[in-house]
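The structure appears right after this line, and notes come after that.
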Amino acid sequence: MIDLKFLRENPDVVRASQKGRGEDISIVDKVLVSDEARRLAITEFEALRAEQNTLSKAVAGAKGEEKSALLERGKTLATKVKQADNTRAELEAATKELIMQLSNILDPSAPIGKEEDFVVIEHVGTPRVFDFEAKDHIELGKLLGAIDTERGAKVAGSRSYFLTGAGAMLEFALINYAITSAIKAGFIPVIPPVLVNPSAMEGTGFLGQASENVYHLERDDLYLVGTSEVSLAAFHMDEILPVEKLPIRYAGYSSCFRREAGTYGKDTRGIIRVHQFDKVEMFSFCHPDQAQEEHRRLLQWEKQILDAMELPYRVIDVASGDLGSSANRKFDIEAWIPTQKAYREVTSTSNCAEFQARRLNIRYKDESGAKTVATLNGTLVAIPRMIVAILENHQNPDGTVNIPKALQAFLGAQRFELV
RNA sequence: GGAGGAUUCGCAUAGCGGCCGAGUGCGCACGCUUGGAAAGCGUGUAUAGGGCAACCUAUCGAGGGUUCAAAUCCCUCAUCCUCCGCCA
């Protein structure tokens, strides 16, 4: 949610942002009109309410005829107050509903355009040239006894899989490596709930345009999170954080659930796009003035993981039309996937500035009072895609796979062998 | 799932339908005192909204109701605690 006061004072900035995203500009003016009416209703209600308060006090001291006259006036006033209060509540709700439709205000540095208009910030490493026919991760997964998508489908349907043997061990190693690095960087490791209530889901913005991809348990009115960002962001919901503690950084390890609605036919083979996977997510609550630097730091930590996994990758500055409503800027890291001859997203970091925290009512306090914090998130490691990248990039002609040095200590081996 | 109890200002607690936005203690901040500290004394100590100054309004778990007036009475819900049942 953007700041109503900011919008009132800078409607042009908001219009420009909406335009840059390819979203509805007219909402801005609707908000302005609604806000005007809202403020009028508030003033009216408050005047009536003040009158009622003084009258009520007068009743206490009055006697006899004077008292019954006051009571009579009080009665009519009470209905008026109630009416004014209802009008006020309606207009406040209407204004909020409108402003909630607005996306976060773009960072002016974010490239403007649609999904394909991203800007490549850098390339790291060079795609390996194979002197044999590279196998895809599905085949490698079978040869190593690491991934079983057939039984996954049998047991849980499409886009499901088992990680077995080397695959399971690889997950543990990746998680261990990621969490260990995160702790070194000052993150607090967290195992959050993956089943959350509507307020957490809504507060983080996943019930808006992303709601199609969220699993909802109707009977209990609970949601399965698509990322631990939800739980981590809501962790400090309705709290005021001391400014000297910022930034507060958490590294959440959790399963993530995604319906993948509207992706029929996309990445149907393998484990690039699945309904359930595990992920270590970085989440930072920081001072708004430091959000941009923090964003760079999150990106840095993401790059370090890719470097440690010895993978060639590129970093892209995601275009305005593909940011999602909460982010004002987003960097994706895309690893080279040899059998697809393409860079594919493996991690992503978003700066939500105060947008998400305003909804969740998370503030910090300094000398001048309480103000909204900024929130940022970034993937440290998303297991299936990282497994795909590692298997495909580090494979040998016989189907064995070399283990990146950083993981060898965790796995007690240098190679995944055939089963 | 059943029975009971609780939910008040950072924490702990007080609170008769009007004098309660709310007392007290602790904590915290500032000042006095001191060679310095502790103790002691004094002052202050929520958030949001509207005018954007004085001021006004709202908020005592959430939502509804009764009343001229609700922290205080009634209803619904949520959370926590205790006991019982069930499962681990």
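By convention in this document, chain letters (A, B, ...) are assigned in the order of the sequence lines, proteins followed by strands, and residues within each chain are numbered from 1.
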Review point. Counting only side-chain N and O atoms of A:Arg39, is one of them less than 4.0 Å from OP1 or OP2 of B:G51?
Key: yes
Point to revise | Distance below 4.0 Å between A:Lys57 side-chain N/O and B:G18 OP1 or OP2 | key: no
Review point. When the nearest nucleotide of RNA chain B is assigned to A:Ile240 and to A:Phe45 on a heavy-atom basis, which residue is associated with the more 5' position?
Key: A:Ile240
Review point. Using purine N1 to pyrimidine N3 plus N6-O4 or O6-N4 for Watson-Crick, or N1-O2 and O6-N3 for G-U wobble, both under 3.5 Å, which nucleotide pairs with B:C52?
Key: none
**Study point:** C1' atoms of B:U67 and B:C30, separation to the nearest Å
**Key:** 45 Å
Exercise for review: Compare side-chain N and O positions of A:Asn53 against OP1 and OP2 of B:U57 and report whether any pair is under 4.0 Å apart.
Suggested key: yes
Practice item. Specify the separation, in whole Å, of atom CZ of A:Arg38 and atom C1' of B:U57. Key: 13 Å
Point to revise | Inter- and intrachain pairs under salt bridge (Lys or Arg N to Asp or Glu O under 4.0 Å), touching residues 17-45 of chain A, at least two apart | key: A:Arg8-A:Asp35, A:Arg15-A:Asp29, A:Asp35-A:Arg38, A:Asp35-A:Arg39, A:Glu36-A:Arg39
Exercise for review: Compute the centroid of each ring, for A:Phe257 and then for A:His275, and state whether the two points are separated by less than 6.0 Å.
Suggested key: no
Review point. Distance between the C1' atoms of B:G27 and B:C81, in whole angstroms?
Key: 26 Å
Review point. Should we count CD of A:Glu97 as having more than 12 external heavy atoms under 6.0 Å?
Key: no
Practice item. Just name whichever nucleotide pairs with B:G85, Watson-Crick or G-U, keeping both distances under 3.5 Å, else none. Key: none
Review point. Which nucleotide, in any strand shown, forms a Watson-Crick or G-U wobble pair with B:U24, with both distances under 3.5 Å?
Key: B:A12
Check your understanding: Any chance the side chains of A:Asp221 and A:His216 put a donor and an acceptor closer than 3.5 Å?
Key -> yes
Exercise for review: Looking at every strand, decide which applies to A:Glu72 at a 4.0 Å heavy-atom threshold: base, sugar-phosphate, or nothing.
Suggested key: nothing
Exercise for review: Verify the contact: side-chain N or O of A:Lys82 to OP1 or OP2 of B:G65, cut-off strictly under 4.0 Å; return yes or no.
Suggested key: no
Practice item. Find the distance A:Asn197:CG to B:U79:P and express it as a whole number of Å. Key: 9 Å
Practice item. Measure distances between side-chain N and O atoms of A:Glu46 and base N and O atoms of B:G49, and say whether any donor-acceptor pair falls under 3.5 Å. Key: yes
Review point. Mind checking the P distance from B:G23 to B:G44? Whole angstroms is fine.
Key: 12 Å
Exercise for review: Write down the partner of B:U34 under the Watson-Crick or G-U wobble criteria, each distance required to be under 3.5 Å.
Suggested key: none
Check your understanding: A:Asp221 CG to B:A62 P: how many Å, rounded?
Key -> 20 Å
Revision key, fill the gap. Between CG of A:Asn361 and P of B:A48 the distance, given in whole Å, is 9 Å
Review point. What is the pairing partner of B:C19, taking Watson-Crick or G-U wobble pairs with both distances under 3.5 Å in any strand?
Key: none
Review point. From the list B:A48, B:C68, B:C56, which nucleotide is the closest neighbour of the side chain of A:Ala370?
Key: B:A48
Review point. Is A:Arg363 near enough to B:U47 that one of its side-chain N or O atoms lies under 4.0 angstrom from OP1 or OP2?
Key: no
Check your understanding: Within the structure shown, what part of the strands sits under 4.0 Å from A:Lys5 by heavy-atom distance: base, sugar-phosphate, or nothing?
Key -> sugar-phosphate
Check your understanding: Atom CD of A:Gln340 and atom CD1 of A:Ile272: how far apart are they, to the nearest 0.5 Å?
Key -> 4.5 Å
Exercise for review: Under a 3.5 Å limit for both distances, which nucleotide forms a Watson-Crick or G-U wobble pair with B:A69, could you say?
Suggested key: none
**Study point:** For B:U59, the Watson-Crick or wobble partner whose two distances fall under 3.5 Å
**Key:** B:A46
Review point. So, is A:Arg88 close to the B:A58 phosphate, meaning a side-chain N or O under 4.0 Å from OP1 or OP2?
Key: no
Practice item. Between B:U24 and B:G15, how far apart are the C1' atoms? Round to whole Å, please. Key: 11 Å
Review point. Once you round it to whole Å, what is the distance between P of B:A46 and NZ of A:Lys371?
Key: 16 Å
Point to revise | Distance test, side-chain N/O of A:Arg73 to OP1/OP2 of B:A69, below 4.0 Å | key: no
Point to revise | B:U13 and B:U8, which share atom name C1', separated by this distance in whole Å | key: 9 Å
**Study point:** Pairwise C1' distance for B:G42 and B:G10, with rounding to whole Å
**Key:** 23 Å
Point to revise | Whole-Å P distance, B:G85 and B:A3 | key: 15 Å
Point to revise | Nearest-angstrom distance, P atom, B:C32 to B:C19 | key: 38 Å
Check your understanding: Considering Watson-Crick and G-U wobble pairs with both distances under 3.5 Å, what does B:A78 pair with?
Key -> B:U7
Practice item. Can you tell me the distance, in whole Å, between the CG atom of A:Leu40 and the C1' atom of B:G50? Key: 11 Å
Review point. Looking at B:C68, B:C56, B:G49, which one has an atom nearest to any side-chain atom of A:Ala50?
Key: B:C56
Exercise for review: State the CG-CG distance between A:Leu380 and A:Leu298, to the nearest 0.5 angstrom.
Suggested key: 9.5 Å
Practice item. Could you tell me whether a side-chain N or O of A:Asn351 sits under 3.5 Å from a main-chain N or O of A:Lys330, the two making a donor and an acceptor? Key: no
Check your understanding: Which residue lies toward the 5' end of RNA chain B, A:Gly74 or A:Asp35, if each is placed at its nearest nucleotide?
Key -> A:Asp35
Study note, to complete from the structure: Whole-Å distance, A:Gln52 CD to B:G17 P, equals 20 Å
Check your understanding: Between atom CD in A:Glu92 and atom P in B:U57, what is the gap in whole Å?
Key -> 16 Å
Review point. Which class fits the ring pair A:Tyr364 and A:His287: parallel under 30°, tilted 30 to 60°, perpendicular over 60°?
Key: tilted
